[in-house]
Amino acid sequence: MKIKNIKKTVALVMSVLLLFGLAACGNEKQGAGSSGQKSSSESVDADVAESEKPEESKESSSASEPEEASDTDEAVSNVEDGENTEDGENAGGKTLIVYYSASGNTEEAAGYIAAATGGDLFELEPKEAYTDADLDWTDDDSRVCREHENEDERKVELVSETVLDWDSYETVFIGYPIWWGIAAWPVDGFITANDFTGKTVIPFCTSASSGLGESGKLLEEMAGTGDWLEGERFSSGVSEEDVKAWVDGLGL
C-alpha cells in the first residue's frame, strides 16, 4: 500500500511539473511573437524614413536652384546687352533690301528679292512725295525734268534715311528706277548718309528700256565704302522666278 501511495504521489508531482513546463513554453512563444511584431513595426518606420530622404534631398536641391537661375538670367542679360562676343559675332549676316519705287515696279522686284533671301525691306520715301504730274518726263515743266536740268534740286529729303540695327546687315540690295540713264536721285540721300564698310552692296534697277548703265558705279563712288557688285536691271513686270534665279546665281 505504501508503494502504491508513493507512485501516486510521484505521478501527481510529475503532472504538476508538466503543467508548469507547458505554461512556461506558452509564455516564451507569446513573448517571441510580441518581439517579432515590434521588429516588423520598426522596419516599416525605417522604410518611411528612407522614403523621406529623397524629399529632403529635393528640398536641398530646390534651395540651390535660385543661384543657378540667377547665373542663367545673368547670361541672358549679357547676350541681350551685347556683352557675349561669340553671340554678337553670330548675330550678323542679315540681308536688307533698300529701294525707292516711283510707280511700283521697283517695289515689286524688291519684294521678290526679300522673298528669295529672307531679307528685310526698307522703302525710301521722299518727304515731298512725287505725284503723277511730277513724274511726267515728257513735260519740261514737271518736277523730274526740273530736277534733271538743275542738279542742285536733286537733293531729295527723305522721311527716314536711318535703318534700325544697320550694323547687323551684311548684304544690302539697293533698288531704284532709271532716270535719264542714272539711278533715280531719291536714293542719293540714303547712300551718302550711311557707312557701307564691311557690307556687300548689290544695286538693281527697273526700266522699260534702259539698262543698268553706270548707275551702280556712280552710287559706289558716292558711297565711298562697301564691296559693290555689278548689279542687275529688271524689266517692268519682271517675274518672281527670274528674280529668284538671279539671286540664287549670286551665291550669297
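Owing to the predicted nature of the structure, the values given are computational and were not obtained by experimental measurement.
- Scanning for side chain to side chain donor-acceptor pair (under 3.5 Å) contacts around D188 gives an empty result, with sequence neighbours left out.
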- request: Please test R154 against W179 for side chain to side chain contact (heavy atoms under 4.5 Å, CB included), starting from the C-alpha separation and ending with a verdict.
  value: CA-CA 12 Å; R154 298 181 194 174; W179 288 355; over 6 Å; no
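- Under the 4.5 Å side-chain heavy-atom criterion for ILVMFWY residues, no single connected hydrophobic cluster contains both L121 and F196.
- Hydrophobic clustering places L158 together with V98 (ILVMFWY residues linked when any side-chain heavy atoms are closer than 4.5 Å, directly or through intermediates).
- When hydrophobic clusters are built by joining Ile, Leu, Val, Met, Phe, Trp and Tyr residues whose side-chain heavy atoms come closer than 4.5 Å, directly or via intermediates, I182 is grouped together with I191.
- Side-chain atoms of N105 and P177, non-hydrogen and from C-beta on, never get closer than 4.5 Å to each other.
- Linking Ile, Leu, Val, Met, Phe, Trp and Tyr residues whenever their side-chain heavy atoms come within less than 4.5 Å places V187 and V156 in a single cluster.
- W228 approaches P203 most closely through the heavy-atom pair CE3-CD, 4.2 Å.
- No donor-acceptor contact under 3.5 angstrom links the side chains of T200 and T171, judged on distance only.
- S235 contributes no side-chain N or O that, together with a main-chain N or O of V238, makes up a donor-acceptor pair within less than 3.5 Å.
- When every heavy atom of L124 is checked against every heavy atom of P186, the shortest pair comes out as CD1-O, 4.3 Å.
- A side-chain donor-acceptor contact under 3.5 Å links D139 to the backbone of D141.
- Legend: residues meeting side chain to side chain donor-acceptor pair (under 3.5 Å) with Y99, ordered by chain and number and at least two apart, are E107.
- Remark: W180 pairs with H148 by the ring pair (Phe, Tyr, Trp, His ring centres under 6.0 Å) rule, at least two apart or across chains.
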- prompt: Is there a side chain to side chain contact (heavy atoms under 4.5 Å, CB included) between V247 and T117 once you walk through the steps?
  reply: CA-CA 8 Å; V247 172; T117 61; 3.5 Å; yes
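- Residues that satisfy the ring pair (Phe, Tyr, Trp, His ring centres under 6.0 Å) test with W246, not counting sequence neighbours, are F173, F234.
- Taken to the nearest 0.5 Å, the NZ atom of K199 stands 9.5 Å off from the OH atom of Y169.
- Here the closest heavy-atom approach between residue L212 and residue R233 is recorded as N-CB, 3.8 Å.
- Partners of Y112 according to the ring pair (Phe, Tyr, Trp, His ring centres under 6.0 Å) rule, which considers only residues two or more places apart in sequence or in another chain, do not exist here.
- Look at K244 and E240 and you find no salt bridge, because none of the NZ, NE, NH1 or NH2 atoms lies under 4.0 Å from a carboxylate O.
- Scored by the salt bridge (Lys or Arg N to Asp or Glu O under 4.0 Å) test, K155 finds no partners at all (sequence neighbours excluded).
- Residues that satisfy the side chain to side chain contact (heavy atoms under 4.5 Å, CB included) test with D195, not counting sequence neighbours, are T197, T225.
- Of all heavy-atom pairs between S142 and A133, the closest is CB-O, 3.4 Å.
- Residues forming a ring pair (Phe, Tyr, Trp, His ring centres under 6.0 Å) with F204 (at least two apart in sequence, or on another chain): none.
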query: Do F190 and Y100 pass the side chain to side chain contact (heavy atoms under 4.5 Å, CB included) test, and can you show the C-alpha distance, the side-chain angles, and the key distance before you say yes or no?
result: CA-CA 10 Å; F190 178 84; Y100 166 69; over 6 Å; no
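- Put simply, OG on S101 and CD on E108 are 9.0 Å apart, with the number rounded to the nearest 0.5 Å.
- The salt bridge (Lys or Arg N to Asp or Glu O under 4.0 Å) test applied to E151 returns no partner, not counting sequence neighbours.
- Summarising the geometry, atom CG belonging to D120 is positioned 7.0 Å from atom CD1 belonging to I97; distances are rounded to the nearest 0.5 Å.
- The side chain to side chain donor-acceptor pair (under 3.5 Å) search around T138 returns D136, not counting sequence neighbours.
- Contacts of E157 classified as side chain to side chain donor-acceptor pair (under 3.5 Å), with partners at least two apart in sequence or in another chain: K127.
- The 12-atom threshold is exceeded at CG of D165, counting heavy atoms of other residues, nucleotides or ligands nearer than 6.0 Å.
- Residues E153 and E147 share a closest heavy-atom pair of O-CG, 3.5 Å.
- Under the 4.5 Å side-chain contact rule for hydrophobic residues, V163 and I202 do not share a cluster.
- Across all their heavy atoms, S168 and K94 have their closest contact at OG-CE, 2.9 Å.
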task: Walk me through it: do L96 and W166 pass the test side chain to side chain contact (heavy atoms under 4.5 Å, CB included)?
output: CA-CA 9 Å; L96 180 69; W166 169 252; 3.8 Å; yes
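- Applying the salt bridge (Lys or Arg N to Asp or Glu O under 4.0 Å) rule to D140 yields no partners; only residues at least two apart in sequence or on another chain are considered.
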